[in-house]
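Structure, as structure tokens:
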Amino acid sequence: MRIVLMGAPGSGKGTQSQRLVEYFGIPQISTGDLLRSAVARGTEYGMRAKAAMDAGLLVVDEIVLGIFGERLAEPDTANGFILDGFPRNIAQAQALSKLLGTLKTPLDAVVLFEVNYEEIIKRISGRRSCQTCGRVFNVYSAPAGSAPHCDKCDDKPVLVQRKDDEEETVRMRLEVYEQQTRPLAKFYRDQGLLRTIDAQDSVEQVTARLIATLDSLPAAKPLRNARSKAS
Ligand code: AP5
């Protein structure tokens, strides 16, 4: 199954991708994570992407398509993938259609997460990431009286706030989303691929909604069969 998760910054794409990776056994490809990793490693792509990311702007298509193409070529994408944060504008969507058309592996669905901006600001202001494994948490959903901690890494690694989660940068990212990314909803609706879900509720409720939507796609069947044989 090949799907795209689209939605505003903080709408929950990364959080839900992690759950879909476990449910369907296909990898998540997050261009944001790939770019942050390139910045941290100081690669040429990373050095060129950093200024745009710090300002809350889109990184130029040439870099994003280069980094995405390299990831897509890895063997774990053979049974499908979850695209998180890509494509982000019409030019990227057209490049993706062309690439997948050449490979004869078209998209199965594009899921748009709808969340109001008040909730988005709250989620982003509370987001913290594990410095060791990159998993994402939130101070507002930590059990009462305790600081959020990474339940995967047992040596209490530091949870950090993303630099582009500062208020002014978030405002810019939301503006960029409205101007450049939201028009993709029409692009994919016109192709019959768009599914919209209310992503305002709890993580568990959104996961249930998302899985119900994806499980109804014909492409989900082989993955379900593989899962039941493995268990
Ligand atoms: P990217 O990393 O893609 O950021 P984004 O799209 O802005 O998305 P976020 O990671 O902010 O949010 P999310 O929807 O994944 O939410 P999350 O699950 O973390 O991009 C960063 C930058 O990289 C861009 O600005 C750009 O510069 C560059 N870039 C990336 N891709 C690019 C591309 N294709 N082209 C050009 N440039 C590109 O959730 C947020 C918080 O809310 C978390 O704390 C989470 O725990 C919590 N949460 C999640 N769901 C719920 C829920 N249902 N209820 C309560 N809390 C929740």
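Read the numbers this way: they start at 1 and go in the same order the structure lists the ligands and their atoms. Source: prediction; values computed, not measured. These values consider heavy atoms only, across backbone and side chains, with no hydrogens, waters or symmetry-generated copies.
For ligand 1, the polar-atom distance check finds no N/O of Ala52 at less than 3.5 Å from any of the ligand's N/O atoms. At under 3.5 Å, a nitrogen or oxygen of Thr15, whether backbone or side chain, sits near a nitrogen or oxygen of ligand 1. Polar contact check, Ser11 against ligand 1: a nitrogen or oxygen pair lies under 3.5 Å apart. Annotation: Val59 places an N or O atom under 3.5 Å from an N or O atom of ligand 1; distance criterion only. An N or O contact shorter than 3.5 Å links Arg173 to ligand 1 by distance. For ligand 1, the polar-atom distance check against Lys13 finds a nitrogen or oxygen pair separated by under 3.5 Å. Remark: ligand 1 and Phe86 share no N or O pair separated by less than 3.5 Å (distance only, no angle test). Checked by distance only, ligand 1 and Ile124 stay at 3.5 Å or farther apart across all their nitrogen or oxygen atoms.
Every residue was checked against the ring pair (Phe, Tyr, Trp, His ring centres under 6.0 Å) condition with Tyr177, not counting sequence neighbours, and none meets it. With sequence neighbours excluded, no residue forms a salt bridge (charged side-chain N to carboxylate O under 4.0 Å, His left out) with Glu166.
Under 4.0 Å from ligand 1, heavy atoms of Leu58 appear from its side chain as well as its backbone. Contacts with ligand 1 closer than 4.0 Å are made by no heavy atom of Phe113, backbone or side chain. By the criterion of a heavy-atom distance under 4.0 Å, the backbone of Ala8, and not its side chain, is placed next to ligand 1. At a heavy-atom distance under 4.0 Å, no atom of Ser17 approaches ligand 1. Under 4.0 angstrom from ligand 1, the non-hydrogen atoms of Leu57 all belong to its backbone. At a heavy-atom distance under 4.0 Å, only side-chain atoms of Gln92, from C-beta outward, approach ligand 1.
Nearest protein heavy-atom neighbour of atom 24 (C) of ligand 1: Arg88 NH2, 3.4 Å. Closest protein heavy atom to atom 53 (N) of ligand 1: Asp201 O, 2.8 Å. Of the protein's non-hydrogen atoms, Arg127 NH1, 2.7 Å is the one closest to atom 19 (O) of ligand 1. What sits closest to atom 16 (O) of ligand 1 on the protein, heavy atoms only, is Gly12 N, 3.2 Å. Scanning all protein heavy atoms for the shortest distance to atom 4 (O) of ligand 1 gives Arg162 NH2, 3.3 Å. Thr31 OG1, 2.8 Å is the protein heavy atom nearest to atom 31 (N) of ligand 1. What sits closest to atom 23 (O) of ligand 1 on the protein, heavy atoms only, is Met53 CE, 3.5 Å. Remark: minimum distance from atom 15 (O) of ligand 1 to any protein heavy atom is reached at Gly14 N, 2.8 Å.
Residue contact check: Gly85 has heavy atoms under 4.0 Å from atoms 31 (N), 32 (C), 33 (C), 34 (N) of ligand 1. Those atoms of ligand 1 that come under 4.0 Å of a heavy atom in Leu35, given as number and element, are 28 (C), 29 (N), 30 (C), 38 (C). Listed by number with element, the atoms of ligand 1 under 4.0 angstrom from any heavy atom of Ser202 are 53 (N). Every atom of ligand 1 with a heavy atom of Phe137 under 4.0 Å away is listed here by number and element: 43 (C), 44 (O), 46 (O). Counting the atoms of ligand 1 from 1 in the order shown, those under 4.0 Å from a heavy atom of Arg36 are 2 (O), 21 (C).
Residue-ligand proximity: Gly126 is placed with every non-hydrogen atom at 4.0 Å or more from ligand 1. Not a single heavy atom of Pro87 sits under 4.0 Å from any atom of ligand 1. A heavy-atom separation below 4.0 Å is not found between Gln205 and ligand 1. Proximity of Ser141 to ligand 1 is not established, as no heavy-atom distance is less than 4.0 Å. Residue-ligand proximity: Gln200 is placed with every non-hydrogen atom at 4.0 Å or more from ligand 1.
Of all heavy-atom pairs between Pro9 and Leu174, the closest is CD-CD2, 3.8 Å. Residues Gly7 and Leu112 share a closest heavy-atom pair of CA-CD1, 4.3 Å. The shortest heavy-atom contact between Asn116 and Gln200 is N-OE1, 2.8 Å. A pairwise comparison of heavy atoms in Arg123 and Ala199 identifies NH2-O, 2.9 Å as the closest pair. Scanning all heavy atoms of the two residues, the minimum distance from Thr169 to Asp54 falls at CG2-O, 3.4 Å.
Between Ile197 and Val111, some side-chain heavy-atom pair lies under the 4.5 Å cut-off.
Between the side chain of Arg2 and the main chain of Ile82, no donor-acceptor pair closer than 3.5 Å is present. Put simply, the side chain of Thr77 gets close to the backbone of Leu72: a donor and an acceptor are under 3.5 Å apart. Although no hydrogens or angles enter the test, the distance criterion places a donor-acceptor pair under 3.5 Å between the side chain of Ser125 and the main chain of Ile121.
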Applying salt bridge (Lys or Arg N to Asp or Glu O under 4.0 Å) to Asp201 and Arg209, what does each step give before you reach the verdict? CA-CA 10 Å; Asp201 297 319; Arg209 232 167 256 160; 2.7 Å; yes

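Counting only non-hydrogen atoms, the option in Asn138, Leu34, Asp84 that gets closest to atom 47 (C) of ligand 1 is Asn138.
Judged by distance alone, the side chains of Ser97 and Gln94 never bring a donor and an acceptor atom under 3.5 Å apart. Side-chain contact check for Arg195 and Thr213: no donor-acceptor pair (N or O, by modelled atom type) lies under 3.5 Å. Of the N and O atoms on the side chains of Glu114 and Thr196, not one donor lies less than 3.5 Å from an acceptor on the other residue.
Rounding to the nearest 0.5 angstrom, the gap separating the CG atom in Leu194 from the CG atom in Leu184 is 10.0 Å.
Heavy-atom contacts from other residues, nucleotides or ligands closer than 6.0 Å to CG of Asp108 number more than 12. A 6.0 Å sphere centred on CD of Glu178 holds more than 12 heavy atoms belonging to other residues, nucleotides or ligands.
Cation-pi geometry between Lys13 and Phe113 is not met: the NZ or CZ atom fails to fall both under 6.0 Å from the ring centre and inside 45° of the normal.
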